[in-house]
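Proteins come first, then strands; the chains are lettered A, B, ... in the order of their sequence lines, and each starts at number 1.
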Amino acid sequence: MAHHRVRIAPSPTGPLHIGTARTALFNYLHARHVGGTFILRLEDTDVARSTLEFEKDILDGLHWLGLEWDEGPEVAGEPARGPHAPYRQMERLPSYAAAAQRLLADDLAYPCYCTSAELEADRASREAERLPPRYVGRCAALTPEERRTRERDGRRGALRFRVGEGVVAFDDIVRGRVEIDVANLGGDFVIVRADGTPLYHFTVVVDDAAMEITHVIRGEDHLSNTPKHILLFQALGHAVPRFAHLPLILNPDRSKMSKRKSQTAIDDYIAQGFVREALVNYLALLGWATGTEEEILSLPEITERFDLSQVHKGGAIFDRERLEWINGQWIRRLSADELIDRLRPFIEADLVAGRIEWMPSDDELRSLLPVIQERLPTLGAIGDLVGFLWVAELDVDTAMLIPKRWDHATTLAGLEAAREVIADVRDVVFEADEMEPPLRALAEARGWKAGDLFMAIRVAVTGRTATPPLFDTLVALGRDRVLARLDHAVEVLAPS
RNA sequence: GCCCCCAUCGUCUAGAGGCCUAGGACGCCACCCUUUCAAGGUGGAGAUCAGGGGUUCGAAUCCCCUUGGGGGUACCA
């Protein structure tokens, strides 16, 4: 197989799903690793559920992940580019009609006039006999005359594909040899609805053939349907592509990952502040490993090492804790400019939500980076970490202000004394190095543990018990605000 | 029900007959560092390799059965 052509074929019936993103990633990795072509095709034949908004969401999400495709629509609603355009199934209807016509002409498919009531009755009776569901073939041998009669009665037939008999076998790149007796396929299956719209199993084959797809890399949930596709490729006279069925991403209970039991929308992860490098890194390592002990890898590094035949067979539970760890690893690897750029939207979101009152400048963020970069599990955690810097006043109460080992009076005395010490450093530059020695000296002079004094100050100026290092925090706040917040805390504690 | 697929620490995985008294990572627990929180460092607990039969001098690795789990079975994709 000279040139590899692979595709991701999402349905715009929902926002970009973790599973779709992972399948797209593996297709991308394979294509880039072998120097092939990565195609994006939108399977929008489920008109009732497909929307342009979902289409946009999916394209945006794939772009965000950095999985650029070589052929397909670039922007939602816009014409697609590539030698096999269009890449949107609803714009390819004539090709399905032509393929259907050929199958009909060759008698490889036939019109079926069964009503849904009849089919339902068939299903019920087979179930009563404890037999697997299967189309009974009522319309399989209708004469041209019988068909005409039904058409005259105003009945419109769906098109059924003749399954025939025999065993379909194929060598799956991840699973090895798979053999399925077509007798288990459920009989002749519908490829075109009575209203003329084509069904998934049919469009996917017509398009994969037309787009000269050489490797179909998709989720394991399609494994059982693969014989139907192979039969169709053969009936249409096309070469059958290679298949690679990826293990599923699972809910914690090991069922197929679903919206109901897990967070599945890529959007949600983006909104929480996961970075693309981490998502890509994590997803690549679900069902595949380098075989070495390397774990933190960039998209190019993964591409270089990727090998479809090394992909696992068993499904993998989506582990958010591990994703968070990888996210932290990547946040720490980001450059200052890069991190500031990516943090900004999250700070803006905090502003809009009223959690902070103004936006920090780039310079302020840059000076904060040394103490926040290693403390951010996600970009979205920025507000929790240092949001106290960007509000005018703090909400602190007595209980919160008193350190564990201290009592009310000690805390009051400690904060008053600390206020004086800090006010006294006015002659020098307000820097961390200048404040620590005098405050330590104060603690020693009064017989306090420095940690307790620091904790009281920390809560007074930040409203929290967990913050970046205290003296860096004081500098970030600035002398005036530090003194004002200490005064306020003293007021809160002072007997009135 | 029927068909298909799968099975190594809680989780992600390394392992392609002897290197395995099963390695790494996340998480967890200690300790170190330390003003809190992180990060980092060190150490620890954690898997009779689902169970049972084979094959072999030797099996986590090969074969069979059982069990468990998952997927598919639409005029959804």
Side-chain angles (χ1 to χ4, degrees), chain A residues 9-14 43-46 48-50 112 114-116 119 123 126-127 129-134 157-160 172 174-176 178-181 183-186 189-201 203-204 219-227 245 247-248 250 252-256 282 285-296 312-326 328-329 332 371-377 385 403 436 439-440 443 449-455 457-459 462 464-471 473:
Chain A
S11 290
T13 53
E43 310 218 320
D44 54 356
T45 54
D46 186 346
R49 294 194 298 145
S50 296
C112 170
C114 295
T115 62
S116 53
L119 295 173
R123 209 176 343 259
R126 286 195 59 92
E127 199 180 332
E129 291 178 70
R130 302 173 61 83
L131 290 168
R134 164 173 250 277
L159 196 64
R160 267 185 203 277
D172 191 281
V174 343
R175 264 140 236 284
V178 178
E179 298 185 353
I180 297 177
D181 191 324
N184 296 312
L185 259 30
F189 58 92
V190 175
I191 55 177
V192 180
R193 293 186 182 92
D195 69 5
T197 56
L199 258 7
Y200 168 75
H201 293 308
T203 58
V204 77
E220 189 195 344
D221 45 351
H222 291 288
L223 189 62
S224 298
N225 288 323
T226 301
H245 286 93
L248 262 21
L250 277 20
D253 66 2
R254 305 209 78 91
S255 56
K256 180 164 78 168
Y282 176 70
L285 261 21
L286 262 196
W288 175 78
T290 61
T292 69
E293 283 174 7
E294 301 171 301
E295 306 204 72
I296 305 301
H312 268 220
K313 297 186 174 96
I317 293 173
F318 188 87
D319 181 0
R320 190 194 163 91
E321 302 221 44
R322 190 171 159 79
L323 205 211
E324 277 192 21
W325 175 74
I326 290 180
Q329 293 293 319
R332 274 163 239 143
V371 295
I372 62 175
Q373 188 156 18
E374 68 192 27
R375 271 168 251 268
L376 287 172
L385 225 205
E436 184 166 353
L439 285 169
R440 280 192 186 280
K449 291 195 69 172
D452 292 330
L453 175 63
F454 295 169
M455 181 55 84
I457 300 171
R458 168 178 294 111
V459 174
T462 69
R464 341 191 45 116
T465 53
T467 70
L470 180 62
F471 303 106
T473 302

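Listed pair A:Arg193 / B:C76 meets the phosphate criterion, a side-chain N or O lying under 4.0 Å from OP1 or OP2. Side-chain nitrogen and oxygen atoms of A:Ser11 include none within less than 4.0 Å of the OP1 or OP2 phosphate oxygen of B:C76. Close to B:C12, at under 4.0 Å from its OP1 or OP2, lies a side-chain N or O of A:Arg254. Dashed line: the shortest gap from a side-chain N or O of A:Arg440 to OP1 or OP2 of B:U35 is under 4.0 Å. For A:His312, a side-chain nitrogen or oxygen approaches OP1 or OP2 of B:A14 to under 4.0 Å. For A:Lys313, no side-chain nitrogen or oxygen approaches OP1 or OP2 of B:G70 to under 4.0 Å.
Using a 4.0 Å heavy-atom distance criterion, A:Ala450 is classed as making no nucleic acid contact. Among the heavy atoms of the strands lying under 4.0 Å from A:Thr45 are primed sugar atoms or P, OP1, OP2 only; no base atom is included. Across all strands, A:Leu385 comes closer than 4.0 Å to no nucleic acid atom at all (heavy-atom distances). Among the heavy atoms of the strands lying under 4.0 Å from A:Gln329 are primed sugar atoms or P, OP1, OP2 only; no base atom is included. A:Pro10 comes within 4.0 angstrom of nothing in the nucleic acid, heavy atoms only. At a threshold of 4.0 angstrom between heavy atoms, the contacts of A:Gly186 with the nucleic acid are absent. In this structure, A:Glu179 reaches the sugar-phosphate backbone alone: every heavy-atom distance under 4.0 Å involves primed, P, OP1 or OP2 atoms, never a base. Heavy atoms of A:Asp221 sit under 4.0 angstrom from primed sugar atoms or phosphate atoms, though from no base atom. Within 4.0 Å (heavy atoms only), A:Thr13 reaches no atom of the nucleic acid at all. Counting non-hydrogen atoms under 4.0 angstrom, A:Phe189 reaches nothing in the nucleic acid. Residue-level contact check: A:Ala194 touches the bases, meaning some heavy atom is under 4.0 Å from a base atom. Within 4.0 Å (heavy atoms only), A:Gly287 reaches sugar-phosphate atoms of the nucleic acid but no base atom. Backbone-only contact: A:Arg332 has heavy atoms under 4.0 Å from sugar-phosphate atoms and none from a base. Counting any heavy atom pair closer than 4.0 Å across all strands shown, A:Leu199 reaches sugar-phosphate atoms only and no base atom.
Comparing B:C26 with B:U73, their C1' atoms sit 37 Å apart, to the nearest whole Å. Between the C1' atoms of B:A22 and B:U66, the separation comes to 25 Å (whole Å).
A donor N or O paired with an acceptor N or O is found under 3.5 Å between the base of B:G71 and the side-chain atoms of A:Ser224. Judged by atom type and distance alone, A:Arg375 reaches the base of B:C37 through a side-chain donor-acceptor pair under 3.5 Å. Between the side chain of A:Arg458 and the base of B:U35, a donor-acceptor pair under 3.5 Å is found.
Ionic pairing of A:Arg320 and A:Glu324 is present here: one or more N-O contacts between side-chain nitrogen and carboxylate oxygen are shorter than 4.0 angstrom. The pair A:Lys256-A:Glu220 fails the salt-bridge criterion, with no side-chain N (NZ, NE, NH1 or NH2) lying under 4.0 Å from an Asp/Glu carboxylate O.
Checking A:Cys112 against A:Glu293, the closest nucleotide of RNA chain B that is more toward the 5' end is the one next to A:Glu293. If A:Leu185 and A:Pro468 are placed on RNA chain B by their nearest nucleotide, the residue sitting closer to the 5' end is A:Pro468.
Considering CD of A:Glu294 and CG of A:Leu285, their distance stands at 10.0 Å, rounded to 0.5 Å. Atom NE2 of A:His245 and atom CG of A:Leu223 lie 5.0 Å apart (nearest 0.5 Å). To the nearest 0.5 Å, atoms CG (A:Leu199) and CG (A:Asp46) are separated by 9.5 Å.
Checking B:C4, B:G72, B:U36 against every side-chain atom of A:Asn225, the shortest atom distance belongs to B:G72.
Figure legend. B:A7 is base-paired to B:U67; pairs are counted as Watson-Crick or G-U wobble with both atom distances under 3.5 Å.
For the 3.5 Å distance criterion, the side chains of A:Thr462 and A:Arg458 fail to qualify, holding no donor opposite an acceptor.
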